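Below: the structure, in structure tokens.
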Amino acid sequence: MQGIEADFSPADLADLALQRTAALISLGGGGALVSWFESGNKAALMSFLAPVAVAQPFTRAVIEEIEREVDVLGQHIDFSPITALSSIGPGLCMFELLLYRRHRCRLYLIDIERSDEHQHGFAQRGSGYSSNPTARAFLERNGVASADIAFCNPRVEALNDEPVDAILSNISMGFHYPVTEYVLYIERALRNNGVLIFDKRKGVPDAGWDALAPKFKTRVIVDSPKYQKLICERR
Ligand SMILES: C[S@@+](CC[C@H](N)C(=O)[O-])C[C@H]1O[C@@H](n2cnc3c(N)ncnc32)[C@H](O)[C@@H]1O
């Protein structure tokens, strides 16, 4: 781990577990996850993650998983300067912290935080399980300048369309819900030649991406059974 400090409350760890279920399941937390699917209640997740002997290896596993993912992405984007990045569904922002350390870019972070829905499939509206204040505290504690951070919860305030060089959505838009909700934002905010990076779930209809795709030159950089990670350069 590249010197990342993380000291999350049980409620924040429950959010992180929903954001990163592989680490949860590998430590035996599958039952607590099922309990959330069935009820939307995080109590079982919180009590599973409460012991330090679980919380620490869980957090470490998540950080290591995200470090590996950022290393893969970095091979494709690190050669071009990114001065402003927005991220749709960043969760607790570990991925964005590592990109910040590589690019020193301004971060615009868009997450709905909470929702009535609680599912992990592909639905018109995604499920929210994050906290923007917790994510901000995590970024600042790890050296991101507060002037470089802006959050938006689009369920409670309007998105701003300030230009960015890259829009990222990691395991969120296109994976849990269609691109449709963000088509206008992407069209307004992404600079020409800027890149959209997202995980496109296989086998689901996405009218939003169908509308945007002709305006991008797209490459697949990860091909897994469930999704493709796409880098899409705006023409
Ligand atoms: C599976 S987590 C991924 C978190 C993080 N990007 C990562 O790679 O660890 C999905 C995130 O998307 C957020 N989310 C769900 N629906 C959303 C929406 N419509 N707009 C923005 N964020 C959304 C959730 O709150 C959650 O933080």
Side-chain angles (χ1 to χ4, degrees), residues 4 6 8 11-25 29 33 36-37 40 42 45 58-74 85-100 107-136 138-139 150-160 166-186 189 196-201 204 206 208-209 221-222 224 226-227 229-230:
I4 294 180
F8 295 122
D12 294 326
L13 282 174
D15 282 341
L16 188 62
L18 292 171
Q19 293 166 22
R20 290 283 166 171
T21 52
L24 174 75
I25 292 166
L33 181 61
W36 176 80
F37 282 134
K42 292 179 190 159
L45 284 168
F58 166 71
T59 308
R60 196 175 317 119
V62 171
I63 291 172
E64 287 172 359
E65 178 181 76
I66 293 178
E67 283 175 341
R68 286 192 294 275
E69 292 175 12
V70 173
D71 282 344
V72 170
L73 180 60
L85 167 94
S86 72
S87 181
I88 298 170
L92 295 185
C93 290
M94 290 180 175
F95 206 100
E96 291 69 17
L97 170 65
L98 296 177
L99 287 179
Y100 181 86
L107 299 174
Y108 184 52
L109 304 154
I110 302 163
D111 203 296
I112 60 169
E113 304 180 87
R114 295 281 175 265
S115 61
D116 294 334
E117 300 82 5
H118 53 274
Q119 52 76 36
H120 259 178
F122 190 77
Q124 282 310 305
R125 288 167 69 87
S127 297
Y129 28 78
S130 195
S131 157
N132 292 344
T134 297
R136 173 182 279 280
F138 169 74
L139 289 170
F151 276 92
C152 175
N153 179 336
R155 296 287 181 263
V156 298
E157 61 188 314
L159 288 162
N160 90 42
I167 297 177
L168 167 72
S169 190
N170 207 49
I171 341 175
S172 191
M173 177 195 76
F175 186 87
H176 281 311
Y177 52 93
V179 171
T180 313
E181 181 179 346
Y182 290 101
V183 165
L184 272 183
Y185 171 71
I186 294 165
L196 170 67
I197 302 154
F198 76 105
D199 297 324
K200 168 137 184 48
R201 190 184 284 251
V204 291
D206 190 333
W209 178 237
I221 61 161
V222 175
S224 83
K226 201 166 177 183
Y227 73 92
K229 185 176 284 296
L230 305 181

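Values below: every heavy atom of this structure, side chains too, minus hydrogens, waters and symmetry copies. When a ligand or atom number is given, it counts from 1 through the structure's own listing order. Note that the structure is predicted; figures quoted are calculated from it, not measured.
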Would [X] count as being in polar contact with ligand 1, using the rule that some N or O on each side must be under 3.5 angstrom apart?
{"X": "Gly89", "answer": "yes"}
{"X": "His176", "answer": "no"}
{"X": "Asp111", "answer": "yes"}

* Asked: Is a side-chain donor-acceptor pair under 3.5 Å present for Ser86 with Tyr185?
  ->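 Judged by distance alone, the side chains do pair up.
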* Side chains of Tyr177 and Ser172: do they bring a donor and an acceptor to under 3.5 Å? -> yes
For [atom], tell me which residue out of [options] has the closest non-hydrogen atom.
{"atom": "atom 20 (N) of ligand 1", "options": "Tyr185, Phe175, Tyr182", "result": "Tyr182"}
{"atom": "atom 24 (C) of ligand 1", "options": "Ser127, Ser130, Gly91", "result": "Ser127"}
{"atom": "atom 3 (C) of ligand 1", "options": "Leu159, Asp15, Asn170", "result": "Asn170"}

* To do: Please report the shortest heavy-atom distance between Gly174 and Asp206, naming the atom on each side.
  => CA-OD2, 4.1 Å
* To do: Answer yes or no: is there an ion pair linking Arg136 with Glu113, defined by an N-O contact shorter than 4.0 Å?
  => no
* Basic-acidic side-chain contact under 4.0 Å: Arg114, Asp15 -> yes
* Asked: With atoms numbered from 1 as shown, which atoms in ligand 1 lie under 4.0 angstrom from a non-hydrogen atom of Ile171?
  ->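 Going through ligand 1 atom by atom, the ones under 4.0 Å from Ile171 are 1 (C), 2 (S), 3 (C), 8 (O), 10 (C).
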* To do: Heavy-atom contacts with Arg155 under 4.0 Å: which atoms of ligand 1 show up? List them by number with element.
  => 19 (N)
* Quick one: look up the protein heavy atom nearest atom 8 (O) of ligand 1 and list residue, atom name and how far away it is. => Arg20 NH2, 2.7 Å
* How far is atom 12 (O) of ligand 1 from its nearest protein heavy atom, and which residue and atom is that? -> Ser172 OG, 2.8 Å
* Structure fact -> Logged contact type for Leu92 with ligand 1, heavy-atom cut-off 4.0 Å, is neither
* Structure fact -> Checking heavy atoms under 4.0 Å, the part of Glu181 that sits near ligand 1 is side chain
* Step by step, would you call Leu18 with Trp36 a side-chain contact (heavy atoms from CB on, under 4.5 Å)? -> CA-CA 9 Å; Leu18 292 171; Trp36 176 80; 3.5 Å; yes
* Pi-cation contact, Tyr227 with Arg201 (under 6.0 Å, within 45°) -> no
